[in-house]
Amino acid sequence: MTKILGLDLGTNSIGWAIVDDDKKQILDAGVRIFPEGVNNLGEGDNELSKNASRTGDRGTRRQFFRRRLRKRILLKELSLNNMCPLTDSDFEEWKNKKKFPEKQLKNWFSENPYKLRDKALSEKISLEQLGRIFYHFTQRRGFQSNSRSAGKDDGAIYKGNKKEGKIGITETVNSIGEKTLGSYLHNIV
């Protein structure tokens, strides 16, 4: 007696049947329907996976973890090149006791990186000050879009918005002139 199991695998269900090949007879059949994997089914852009919030939260946790890791790796490299006030023993203590070396970095973090960037254009700065500038680059890394204007390309980013008191990229570039962006930002505050 030969029995054959037939499966029909779909996206939301599995159909099955057991056939006795000798008697040419269907012994049993059925279907298993899975619950919908999305909320707001059939609503187009509002259709979301049930795991979307968990996935988004996990992505946010990973982003924060990677940002902390980048900062820690940069601090380690800066310390190896005498560009920050930390030493190898500070890193070992940080690793073993899980305590951030706040005392050693308090004065270093208190230095205004925009002021240092402006100062570096006209005079020589110390290695620690240069390290503070590099660390600031890591802190301010990336692009943050304005969610209100996301998706519309009306040129406001280049022209600015006088009603809101915002100047555009074009006017900013003209104002910077021969300076760097860091120097310009220090001087407008």
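All residue numbers refer to positions in the sequence shown, counting from 1. As the structure is a prediction and not an experimental result, all values here were calculated from the model.
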Just to verify, what does Asp88 make a salt bridge (Lys or Arg N to Asp or Glu O under 4.0 Å) with, not counting sequence neighbours? Lys76
Surrounding CZ of Phe34 (heavy atoms of other residues, nucleotides or ligands, distance under 6.0 Å), is the total greater than 12? yes
Verify side chain to side chain contact (heavy atoms under 4.5 Å, CB included) between Gln25 and Val19, making sure each step is shown before the conclusion. CA-CA 6 Å; Gln25 180 181 20; Val19 177; over 6 Å; no
Can you confirm whether Glu102 is buried at CD, in the sense that more than 12 heavy atoms of other residues, nucleotides or ligands lie under 6.0 Å from that atom? no
Once side-chain contact (heavy atoms from CB on, under 4.5 Å) is applied, do any residues pair with Asn82, and if so which ones, sequence neighbours excluded? none
Under the criterion side chain to side chain contact (heavy atoms under 4.5 Å, CB included), which of Glu128, Gln129, His136 is the partner of Glu111? Gln129
When every non-hydrogen atom of Ser183 is compared with those of Leu121, the smallest separation belongs to CB-CD1, 3.5 Å
Locate the shortest heavy-atom distance separating Leu78 from Gly131; write the atom from each residue and the value. CD1-O, 3.6 Å
Using side-chain contact (heavy atoms from CB on, under 4.5 Å) as the criterion, list what pairs up with Lys71, not counting sequence neighbours. Arg67, Tyr135, Thr138, Gln139
So CD1 of Ile18 and CG of Leu7: to nearest 0.5 Å the spacing works out to 9.5 Å
Residues two or more places apart in sequence or in another chain: which of them pass salt bridge (Lys or Arg N to Asp or Glu O under 4.0 Å) with Lys24? Asp21
From Ser126 atom OG to Met83 atom CE, the distance as rounded to the nearest 0.5 Å: 9.0 Å
Students should find that the hydrophobic cluster of Phe65, defined by side-chain heavy atoms under 4.5 Å apart, otherwise consists of Leu69, Ile73
Side-chain heavy atoms of Ile33 within contact of Ile14, under 4.5 Å: no
Using 0.5 Å steps for rounding, measure from the CG atom of Leu130 to the CZ atom of Arg117. 11.5 Å
Could you tell me whether the side chain of Arg132 and the main chain of Trp108 form a donor-acceptor pair under 3.5 Å? yes
Going from CG on Leu75 to CH2 on Trp94, what distance comes out if it is rounded to the nearest 0.5 angstrom? 5.5 Å
Partner set under side-chain hydrogen bond (donor to acceptor under 3.5 Å, both in side chains) for Thr87, not counting sequence neighbours: Ser89, Asp90
What's the separation between atom CG in Asp28 and atom CG in Leu5, rounded to the nearest 0.5 Å? 10.5 Å
Would you say Leu127 and Leu80 are hydrophobically clustered, going by side-chain heavy atoms of ILVMFWY under 4.5 Å? no
Can you name the residues that form a side-chain contact (heavy atoms from CB on, under 4.5 Å) with Asp57, not counting sequence neighbours? Arg61
List for me each residue that meets side-chain contact (heavy atoms from CB on, under 4.5 Å) alongside Arg54, sequence neighbours excluded, and say none if there are none. Asn51
For Asp22, does its backbone N or O pair with a side-chain atom of Asp20 as donor and acceptor, under 3.5 Å? yes
Here the gap from Arg72 atom CZ to Glu77 atom CD, rounded to the nearest 0.5 Å, amounts to 14.0 Å
Are Phe109 and Leu86 connected in the hydrophobic side-chain network, where two residues link if heavy atoms are under 4.5 Å apart? yes
